[in-house]
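Sequence lines set the chain letters: A, B, ... in the order given, protein chains first and strands last, and positions in each chain run from 1. Atom set for the values below is all heavy atoms of this structure, side chains included, hydrogens, waters and symmetry mates excluded.
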There are 2 protein chains.
Amino acid sequence: MGRHREFDVDKALDAALCVFWRKGYEGASYADLTEAAGVERPALYSAFGNKEALFRLALARYYERYLDYIPVALELPTSREVAAHILYNAIDLNTRYADHTGCLGINGVLAGSDEAEPVRQALIEARAEGELQLRERFERAKAEGDLPETAKPDALAAFLLAVLHGIAVQAKAGFSRETLRAVADQALSTWPR
Amino acid sequence: MGRHREFDVDKALDAALCVFWRKGYEGASYADLTEAAGVERPALYSAFGNKEALFRLALARYYERYLDYIPVALELPTSREVAAHILYNAIDLNTRYADHTGCLGINGVLAGSDEAEPVRQALIEARAEGELQLRERFERAKAEGDLPETAKPDALAAFLLAVLHGIAVQAKAGFSRETLRAVADQALSTWPR
DNA sequence: GTGGTTTAATAACACTCGTTATGAAAACAT
DNA sequence: ATGTTTTCATAACGAGTGTTATTAAACCAC
């Protein structure tokens with residue numbers, strides 16, 4: 001039985017999540033991470049492992065704690081409500097915190113060094129997972145007559161994800177909620193009935 | 001009268017552009033840049049200045065040489081043709097080269113370190129410039145009756161840019177041209193008339 | 001009070017980063 | 001053949017990167 005851990009692991013992970021959300025995986029240094037977490041480097045290593053492991057934990061937390069509106073959306077009665085719920089909640093999340101806007105799934109790594117490739121692939125897979133869920137939901141909508149026979153669930157899912165990604169980029173660039181909502185409105189106006 | 005420069009400055013800049021396109025500003029190291037350009041570091045410095053200056057030159061070249069379909073699009077007769085031309089050409093460009101997909105305007109810096117902030121702002125401004133051009137074009141379309149009175153040129157421009165950014169993210173993630181075209185088709189499906 | 005275990009802080013490691021100093025090579029004028 | 005200028009390659013600089021070794025501190029069982 002040894003020394004108790006002196007810092008709140010949960011809060012430290014939250015702090016690291018915010019740094020990665022703001023600066024991306026490669027843009028975030030241990031100087032940033034330790035300052036935000038209020039913990040020295042060896043302590044971060046002891047609690048979370050290396051930088052990549054820390055990022056993966058932060059990403060998992062991001063999906064669990066911040067994207068909880070997605071399973072809710074998938075249970076809504078119509079495909080248009082699903083899309084609307086996701087779009088407007090994403091806009092809210094992407095603009096909620098002044099010091100880290102956008103989406104971790106996009107900010108993490110878009111283009112990076114060779115060393116960042118495993119993390120970039122992890123992000124691609126996480127986004128693909130979400131897209132699969134959407135596609136399946138839209139297939140169900142089609143089967144139920146909520147979407148017309150001519151509708152293409154895969155294209156709709158890809159379209160919705162594209163708009164979400166674009167909104168994340170724009171939020172990170174400082175676009176207003178009003179503008180982002182107008183983008184979402186326009187996207188929904190194309191929704192098949 | 002001294003020694004002649006031994007490398008092709010034009011080709012070296014192209015090579016650097018490709019590295020930045022693939023790895024982003026921070027993900028690209030001088031090891032990458034010198035290997036791709038076939039030139040030693042002091043020679044790159046001599047010809048282009050520091051890393052940030054090199055990136056800015058690469059970005060200017062990207063806009064001049066690769067985005068030349070945009071002024072063409074802006075002269076098309078209808079707003080829908082403008083949007084379609086840009087979307088399909090962007091998809092072509094974002095998927096043309098197997099070893100650097102996506103768009104430099106997005107891959108450059110989305111989220112980065114404090115040191116990358118000037119570059120990130122330059123990219124935001126470049127994208128904003130393009131959005132302004134679109135907005136003005138759509139305002140003209142509205143004045144000419146090509147877009148209905150209820151249409152909002154600013155929202156349409158922001159929407160089009162969002163889809164373009166989303167497509168760039170998806171192209172960089174390895175999505176097929178077919179999928180990306182379906183996204184564009186969906187975006188255009190109810191373009192206001 | 002001692003021993004064993006776990007954690008924390010300091011410092012350093014090995015390496016890479018972007019940048020530059022220095023000497024040599026290649027050019028041209030004389 | 002020499003002098004001047006420009007460019008190139010090598011090497012190193014100063015700083016920062018992610019990671020870890022070492023010692024001390026804090027805990028608990030006995």
Rounded to the nearest Å, what distance is computed from the [atom1] atom of residue [X] to the [atom2] atom of nucleotide [N]?
| X | N | atom1 | atom2 | value |
| --- | --- | --- | --- | --- |
| A:F55 | D:dT19 | CZ | C1' | 19 Å |
| A:L33 | D:dG16 | CG | C1' | 14 Å |
| B:D114 | C:dC17 | CG | C1' | 16 Å |
| A:D8 | C:dA8 | CG | C1' | 16 Å |
| B:E26 | C:dT16 | CD | P | 18 Å |
| B:E52 | C:dC17 | CD | P | 18 Å |
| B:Y45 | D:dC8 | OH | C1' | 16 Å |

For the residue pair [X] and [Y], confirm or rule out a side-chain donor-acceptor distance under 3.5 Å.
| X | Y | result |
| --- | --- | --- |
| A:T95 | A:R177 | yes |
| A:S113 | A:E26 | yes |
| B:N89 | B:Y66 | no |

Ignoring hydrogens and angles, are the base of C:dT6 and the side chain of A:R5 linked by a donor-acceptor pair under 3.5 Å?
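Answer is no: no donor-acceptor pair is held.
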
Minimum-distance nucleotide to B:P42 side chain [options: D:dT20, C:dA8, D:dT10]
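Closest nucleotide among those given: D:dT10.
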
Per A:K51 side chain, nearest of listed nucleotides C:dA8, D:dT19, C:dA26
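Taking heavy atoms from C-beta onward, the closest nucleotide is D:dT19.
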
Determine, for B:R181 against B:E178, whether the closest basic-nitrogen to carboxylate-oxygen distance falls under 4.0 angstrom.
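Between B:E178 and B:R181 there is no salt bridge, as every charged N stays at least 4.0 Å from the carboxylate O atoms.
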
Does a salt bridge link A:D146 with A:R140, judged by any charged N lying under 4.0 Å from a carboxylate O?
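Result for this pair is no, no salt bridge flagged.
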
Return whichever of A:R41 or A:S46 has its heavy-atom-nearest nucleotide of DNA chain C closer to the 5' end.
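By nearest-heavy-atom nucleotide position, the 5'-most residue is A:S46.
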
Whichever of A:E115 and A:E40 has its nearest DNA chain C nucleotide further upstream toward 5'
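Result of the comparison: A:E40.
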
Phosphate contact (D:dG18 OP1 or OP2) by A:Y30 side-chain N/O below 4.0 Å:
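For A:Y30, the contact criterion (side-chain N or O under 4.0 Å from OP1 or OP2 of D:dG18) is not met.
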
So, OP1 or OP2 of C:dT19: does either fall under 4.0 Å of a side-chain N or O from B:N50?
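So the side chain of B:N50 is within the cut-off, an N or O lying under 4.0 Å from OP1 or OP2 of C:dT19.
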
Could I get a table of every N or O pair under 3.5 Å where one atom is in the protein and the other is in nucleotides 27-30 of chain D?
| residue | atom | partner | partner atom | Å |
| --- | --- | --- | --- | --- |
| D:dC27 | O2 | A:M1 | O | 2.7 |

Using a heavy-atom cut-off of 4.0 Å across all strands, would you classify A:S29 as base, sugar-phosphate, or nothing?
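Sugar-phosphate only.
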
Would you indicate what B:A28 reaches in the nucleic acid, counting non-hydrogen atoms under 4.0 angstrom: base, sugar-phosphate, or nothing?
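B:A28: backbone/sugar contact only, no base atoms under 4.0 Å.
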
Establish, yes or no, whether a centroid distance under 6.0 Å links the rings of A:Y30 and A:Y45.
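That pair passes the under 6.0 Å test.
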
Are B:F55 and B:W21, when compared by the centres of their aromatic rings, separated by less than 6.0 Å?
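No, the ring centres sit 6.0 Å or more apart.
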
